[in-house]
Visitor: 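One structure, as structure tokens, below. Some questions next.
When reading the values below, keep in mind they use all heavy atoms of this one structure, side chains included, and skip hydrogens, waters and symmetry mates. The chain is numbered in sequence order, starting from 1.
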Amino acid sequence: ACMDLCAAPGGWLQVAVKYMPMSSTIVGVDLAPIKAIRGCTTFVDDITTQSCRAQLRRCTPEGVKYDIVMHDGAPNVGGNYSAEAYTQAALTLDSLRLATEFLREGGWFVTKVFRSTEYHALLYSMQQLFKKVESNKPQASRGTSAEIFVVCSGYLAPQKIDPRLLDPRHLFAEYEGPKQARMMGIWEYGEIGADAHVYLFYFFLFFFICLLVSRRTCRRGGVQGGW
């Protein structure tokens, strides 16, 4: 069984139909209508709502757990990257919450993620729920795009899940992670990385200017040695 969250226009559903057995349960949901795809059940709803969760239950045959949950959701991109990245990260947590409810033990979760300061917190949450978590940027994804895809395999199906792992207000506020991870979140990813390199350039420029001024001041004052 396969569940596709934020599935419009339906490309991943078409792949699922092509490669999964004909009798498979394939369900897709999105805020935008999805053109009918033979072998799929689709509906319009918001994945963050209880109504969507209830509709997913109605579309799922009794006793069926999903082998894979996929998520390709993102907000409309405007100009405020930080806000958009946070919204996308929160949406990813909503999809992960649904995955924990519908996945079978050992199942897979595949999601799009924006590279941002929330990235490592998201990975931490997934690592508590799956045996293996890997990040990948497919060749089909534009090099200038901030999106990457995270593939989680081996769902642990714990009896009890700490709700803070799936709550953006707690997860993104409390997770600190190793210093190296925080630096990677600043320097390596997306538009934030580009801005950071500019700031680094100006920091060193300011440092060298101060150094030159200090050397000239020492010479005029007759101080030997100096810098």
Visitor: Looking only at non-hydrogen atoms, find the nearest pair between Arg57 and Phe102 and report the distance.
Guide: CG-CZ, 3.8 Å
Visitor: Please assess Val150 against Lys112 for the test side-chain contact (heavy atoms from CB on, under 4.5 Å), listing each intermediate value before the final yes or no.
Guide: CA-CA 6 Å; Val150 179; Lys112 176 164 67 180; over 6 Å; no
Visitor: In terms of hydrophobic clustering (I, L, V, M, F, W, Y; side-chain heavy atoms under 4.5 Å; direct or indirect links), are Leu98 and Leu156 co-clustered?
Guide: no
Visitor: Taking all atoms of both residues into account, what is the closest heavy-atom pair of Ala7 and Asp30, and its distance?
Guide: N-OD2, 3.1 Å
Visitor: Ring centres under 6.0 Å, that's the criterion: do Tyr155 and Phe109 meet it?
Guide: no
Visitor: Under a 4.5 Å side-chain heavy-atom rule over Ile, Leu, Val, Met, Phe, Trp and Tyr, are Val69 and Ile37 clustered together?
Guide: no
Visitor: Would you sort out whether Tyr66 and Thr60 count as a side-chain hydrogen bond (donor to acceptor under 3.5 Å, both in side chains), showing the intermediate values?
Guide: CA-CA 9 Å; Tyr66 286 81; Thr60 304; 2.6 Å; yes
Visitor: Donor-acceptor check, side chain of Asp67 to backbone of Ala1, threshold 3.5 angstrom: yes or no?
Guide: yes
Visitor: Has Asp45 got a side-chain atom pairing as donor or acceptor with Cys52's backbone, closer than 3.5 angstrom?
Guide: yes
Visitor: Decide side-chain contact (heavy atoms from CB on, under 4.5 Å) for Leu56 and Met3; before the verdict, give the C-alpha distance in whole Å, the side-chain angles of both, and the deciding distance to 0.1 Å.
Guide: CA-CA 9 Å; Leu56 286 170; Met3 179 186 295; 4.0 Å; yes
Visitor: Using the side chain to side chain donor-acceptor pair (under 3.5 Å) criterion, which residues pair with Gln128? Sequence neighbours excluded.
Guide: none
Visitor: Any chance you could lay out the side-chain contact (heavy atoms from CB on, under 4.5 Å) test for Phe130 and Leu103, step after step, and finish with the verdict?
Guide: CA-CA 11 Å; Phe130 293 85; Leu103 271 180; 3.8 Å; yes
Visitor: Hey, is Lys131 close enough to Glu105 for a salt bridge, meaning N to O under 4.0 Å?
Guide: no
Visitor: Are there more than 12 heavy atoms of other residues, nucleotides or ligands under 6.0 Å from atom CH2 of Trp12?
Guide: yes
Visitor: side-chain contact (heavy atoms from CB on, under 4.5 Å) for Gln55 and Val44? Distances and angles first, verdict last.
Guide: CA-CA 10 Å; Gln55 182 66 13; Val44 174; over 6 Å; no
Visitor: Honestly curious: do Leu13 and Val17 fall in one hydrophobic cluster under the side-chain, below-4.5 Å linking rule?
Guide: yes
Visitor: Ala121 and Leu171: which non-hydrogen atoms are nearest, and at how many Å?
Guide: O-CD2, 3.7 Å
Visitor: Rounded to the nearest 0.5 Å, what separates atom CE in Met126 from atom OG1 in Thr111?
Guide: 5.5 Å
Visitor: Could you tell me which non-hydrogen atom of Met70 sits nearest to which non-hydrogen atom of Cys2, and how far apart they are?
Guide: CE-SG, 3.4 Å
Visitor: Using every non-hydrogen atom in the two residues, find where Ser51 and Arg58 come nearest and quote the distance to one decimal.
Guide: O-NH2, 4.4 Å
Visitor: On a heavy-atom basis, which atom in Pro158 and which in Ile161 lie closest, and how many Å separate them?
Guide: CG-CG1, 3.5 Å
Visitor: So, the side chain of Ser24 versus the backbone of Ile26: is there a donor-acceptor pair under 3.5 Å, distance only?
Guide: no
Visitor: Indicate yes or no for a side-chain donor-acceptor contact from Ser125 to the backbone of Leu122 under 3.5 Å, with no hydrogens or angles considered.
Guide: no
Visitor: Look at Arg164 together with Asp167 and state whether they make a salt bridge at an N to O cut-off of under 4.0 Å.
Guide: no
